[in-house]
Colleague: 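My structure is below; once you've seen it, I'll send some questions.
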2 protein chains.
Amino acid sequence: MTINRRLAATTAHLLPEHKPPGSTGRVLEAALKMFAEHGYAAASMRDLASAAGVKPATIYAHYPSKEHILAELCRIGHEEQYRAVRTAVLGSGADPRDQIVAYVRAHVGFHTTYPMLAVVANSELHVLGETLGAATFVIRRQSEDLLTDIIQRGLDAGIFDVPVPWLAVAAIGGMGLRVAYWFAPDYHVTAAQVADVYAGFALRILAASDKPAGRSASKSRK
Amino acid sequence: MTINRRLAATTAHLLPEHKPPGSTGRVLEAALKMFAEHGYAAASMRDLASAAGVKPATIYAHYPSKEHILAELCRIGHEEQYRAVRTAVLGSGADPRDQIVAYVRAHVGFHTTYPMLAVVANSELHVLGETLGAATFVIRRQSEDLLTDIIQRGLDAGIFDVPVPWLAVAAIGGMGLRVAYWFAPDYHVTAAQVADVYAGFALRILAASDKPAGRSASKSRK
DNA sequence: AGTATATCCTAACGAACGTTAGTTAGTGAC
DNA sequence: GTCACTAACTAACGTTCGTTAGGATATACT
């Protein structure tokens, strides 16, 4: 146990719906842990095998290559993140402020609940070739577009005020992403606290107005 | 040239004061580029050598090991970042708001000017053993403490208002760090724009008050 | 019982890895 | 001319890598 860890989380888990049954799932979860803790290139197939409790050759009965395992993890990670934020936003009201709160809460929630998945899906994605990474890129783009659209609707309604909208997307996305690296369940802040506080930060970044949800022209207030 | 890059920047450069003369410097700069683009583990000594225009064995005339090269880059990166923010804060006034603006401008400026250095220093640091990484950890801690102290002073003065101060540190630091991954000089926003807008975001996150620099409602200065 | 299938194994392949030993070419001093 | 020094080289070391071939074991069906 070094002082110097890549991320604070120590346990790897997949959603039951994303974890294949039997040894396939154990291999995938072992790969998640190893890739997250040491990085894709530094984790060998022999490492994955011993973490999964099988011999190296056995992995090839479940996945055709090391890169395919990473592709699967990246796909699951981005898919689950998009599903989380999309569900949250759809379940919130029509007010862009509520949608931002829902988005950021779900975004941060994902990064606190599945930190290893987030770290692997985001920081090892560059390894994937264009064919294996294609599915993931589409989803990643959708997540970003969703946030962009919410912000744009808020700007159009005069509820938000930011000089360069795309920078707000980058800032809100960036601060959420980093949570996966330092958050641990036994920390001095709970996941719910982080989600709430970060949702508040996002509203502040967007200079969300206090006025009621009514329709407003392009005039902002101060 | 893949769609799928680890960071947007394409050129590696070191500050003249940090770049050793001759081949040593060329090796260090080649390592910076390779480690940033492909990661420490995925970049081989043969890759570094050919990027630096030398043969693999020659590198060992300049550095004792691959890990020592990374340690040097991490040290330079954190040292330069700390120097930048510290100088900026010391050159600003006593008002915590001015100090935050100075800090974030310098922080973002570092990440736009030396994106590869930032990426390597932050995302490959976990590779370093305790001995080789020790020097870097100290500096990293100092940078974080500086931001924490500014925010705490603003809170004490009643100028800032955040529910959990440490989360503001994490959020402001996180959004700045991510800039290194997407920023490129030929982007549709300039480095100065990003720095200014992000400084504004930081003030908003802290709910900085508009009132003049005098003393505040609830607390007094020392 | 015999066969098919699924699952995991042992053993090893060729390639690439970080690193080292020993050598060669170029330079300036005497 | 030769000595000492520097900086680069060629070649190879032992290890580990991702991956594959082929055999063993257990369960399921006929």
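Just so it is clear: chains get the letters A, B, ... in the order the sequence lines come, proteins before strands, and each one is counted from 1.
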Colleague: Before we go on, tell me: are the rings of F183(B) and H111(B) under 6.0 Å apart, centre to centre?
Modeller: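 Between F183(B) and H111(B), the centre distance exceeds or equals 6.0 Å.
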
Colleague: Please round to 10 degrees the angle between the axis of the first five pairs and the axis of the last five pairs in the helix from dA1(C)-dT30(D) to dC30(C)-dG1(D).
Modeller: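 It comes to 10° between the two terminal axes.
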
Colleague: Can you list the residues that meet the salt bridge (charged side-chain N to carboxylate O under 4.0 Å, His left out) rule with D47(B), with sequence neighbours excluded?
Modeller: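 With neighbours one apart ignored, the set is empty.
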
Colleague: Report yes if the side chains of F160(A) and I100(A) come closer than 4.5 Å at any heavy-atom pair, otherwise no.
Modeller: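 Yes, their side chains come closer than 4.5 Å.
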
Colleague: How far apart are the closest heavy atoms of V119(B) and A36(B), and which atoms are they?
Modeller: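 Closest approach of V119(B) to A36(B), heavy atoms only: CG1-O, 4.2 Å.
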
Colleague: Reading DNA chain C 5' to 3', which nucleotide is the first, and which the last, to come under 4.0 Å of any heavy atom in chain B?
Modeller: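 Nucleotide range in contact with chain B: dC17(C) to dA21(C).
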
Colleague: Does the side chain of R86(B) pick up a donor-acceptor pair with the side chain of Q142(B) at under 3.5 Å?
Modeller: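 Side-chain D/A pair, R86(B) to Q142(B): absent.
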
Colleague: To the nearest 0.5 Å, what is the distance between CG (L167(B)) and CH2 (W182(A))?
Modeller: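 One gets 5.0 Å once the value is rounded to the nearest 0.5 Å.
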
Colleague: Please list, chain by chain and in numerical order, all residues satisfying side-chain hydrogen bond (donor to acceptor under 3.5 Å, both in side chains) with H68(A), sequence neighbours excluded.
Modeller: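 Testing H68(A) for side-chain hydrogen bond (donor to acceptor under 3.5 Å, both in side chains), a comparison that skips the adjacent residues, returns S65(A).
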
Colleague: Please tabulate, one pair per line, each protein N/O and nucleotide N/O from nucleotides 26-29 of chain D that are separated by under 3.5 Å, including the distance.
Modeller:
none

Colleague: How about R204(A) and L206(B): do any of their side-chain heavy atoms sit closer than 4.5 Å?
Modeller: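 In short, these two side chains do not touch, never coming nearer than 4.5 Å.
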
Colleague: Could you tell me whether A43(B) contacts a base, only the sugar-phosphate backbone, or nothing, with contacts defined as non-hydrogen atoms closer than 4.0 Å?
Modeller: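 Since only primed, P, OP1 and OP2 atoms lie under 4.0 Å of A43(B), the category is sugar-phosphate.
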
Colleague: Closest approach of A88(B) and A106(B), non-hydrogen atoms and distance?
Modeller: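 Scanning both residues, the minimum pair turns out to be CB-CB, 3.6 Å.
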
Colleague: At their closest point, which heavy atom of V89(A) faces which heavy atom of S92(A), and how far apart are they?
Modeller: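 Heavy atoms only, the tightest pair is O-OG, 2.8 Å.
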
Colleague: Between CG of L125(A) and CG of N4(B), what distance do you get to the nearest 0.5 Å?
Modeller: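 So the CG of L125(A) and the CG of N4(B) are separated by 5.0 Å.
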
Colleague: Whether R178(B) engages the ring of Y181(B) as a cation-pi pair (distance to the six-membered ring centre under 6.0 angstrom, angle to the ring normal within 45°) should be assessed.
Modeller: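 The answer is yes; both the distance and angle limits are met.
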
Colleague: Between the protein and nucleotides 3-5 of chain D, which nitrogen or oxygen pairs are less than 3.5 angstrom apart?
Modeller:
none

Colleague: Any chance you could list the contact pattern along nucleotides 9-16 of chain D? Use B for base contacts, S for sugar-phosphate-only contacts and - for none, protein heavy atoms under 4.0 Å, 5' to 3'.
Modeller: BB-B----

Colleague: Test of understanding: with side-chain hydrogen bond (donor to acceptor under 3.5 Å, both in side chains), list the residues that count as partners of R75(A), not counting sequence neighbours.
Modeller: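 Listed in chain order: E72(A), E79(A).
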
Colleague: May I have the step-by-step check of salt bridge (charged side-chain N to carboxylate O under 4.0 Å, His left out) for D145(B) and R141(B), ending in yes or no?
Modeller: CA-CA 6 Å; D145(B) 285 349; R141(B) 176 61 186 268; 3.1 Å; yes

Colleague: For I59(B) and dA8(D), give me the distance from atom CD1 to atom P, rounded to whole Å.
Modeller: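 About 11 Å, once rounded to whole Å.
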
Colleague: What residues in residues 60-74 of chain B put a non-hydrogen atom under 4.0 Å from any atom of DNA chain D?
Modeller: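 Contacting residues: H62(B).
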
Colleague: Going by side-chain hydrogen bond (donor to acceptor under 3.5 Å, both in side chains), name the residues that satisfy it together with S123(B), two or more places apart in sequence or in a different chain.
Modeller: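 For S123(B) the side-chain hydrogen bond (donor to acceptor under 3.5 Å, both in side chains) partners, ignoring immediate neighbours, are R6(B).
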
Colleague: Nearest 0.5 Å please: distance from the CZ atom of F35(A) over to the CG atom of L117(A).
Modeller: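 Going from the CZ atom of F35(A) to the CG atom of L117(A) covers 12.5 Å.
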
Colleague: Which atom pair, heavy atoms only, marks the closest approach of A52(A) to V27(A)?
Modeller: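 It is CB-CA, 3.8 Å.
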
Colleague: For a quick test of reading the model, state the closest non-hydrogen atom pair linking L128(B) to E67(B) and the distance between them.
Modeller: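 The pair with the smallest heavy-atom distance is CA-OE2, 3.8 Å.
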
Colleague: Which of residues 16-38 of chain A have a heavy atom under 4.0 Å from DNA chain D?
Modeller: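 Per residue number, the list is empty: none.
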
Colleague: Is there a side-chain hydrogen bond (donor to acceptor under 3.5 Å, both in side chains) between R140(A) and Q81(A)? Walk through the geometry before answering.
Modeller: CA-CA 9 Å; R140(A) 171 194 270 255; Q81(A) 180 191 321; over 6 Å; no

Colleague: Quick one: side chains of residues 15-22 of chain A, donor-acceptor pairs under 3.5 Å with protein atoms, not counting sequence neighbours, listed by atom name and distance.
Modeller:
from: K19(A); atom 1: NZ; to: E29(A); atom 2: OE1; distance (Å): 3.1

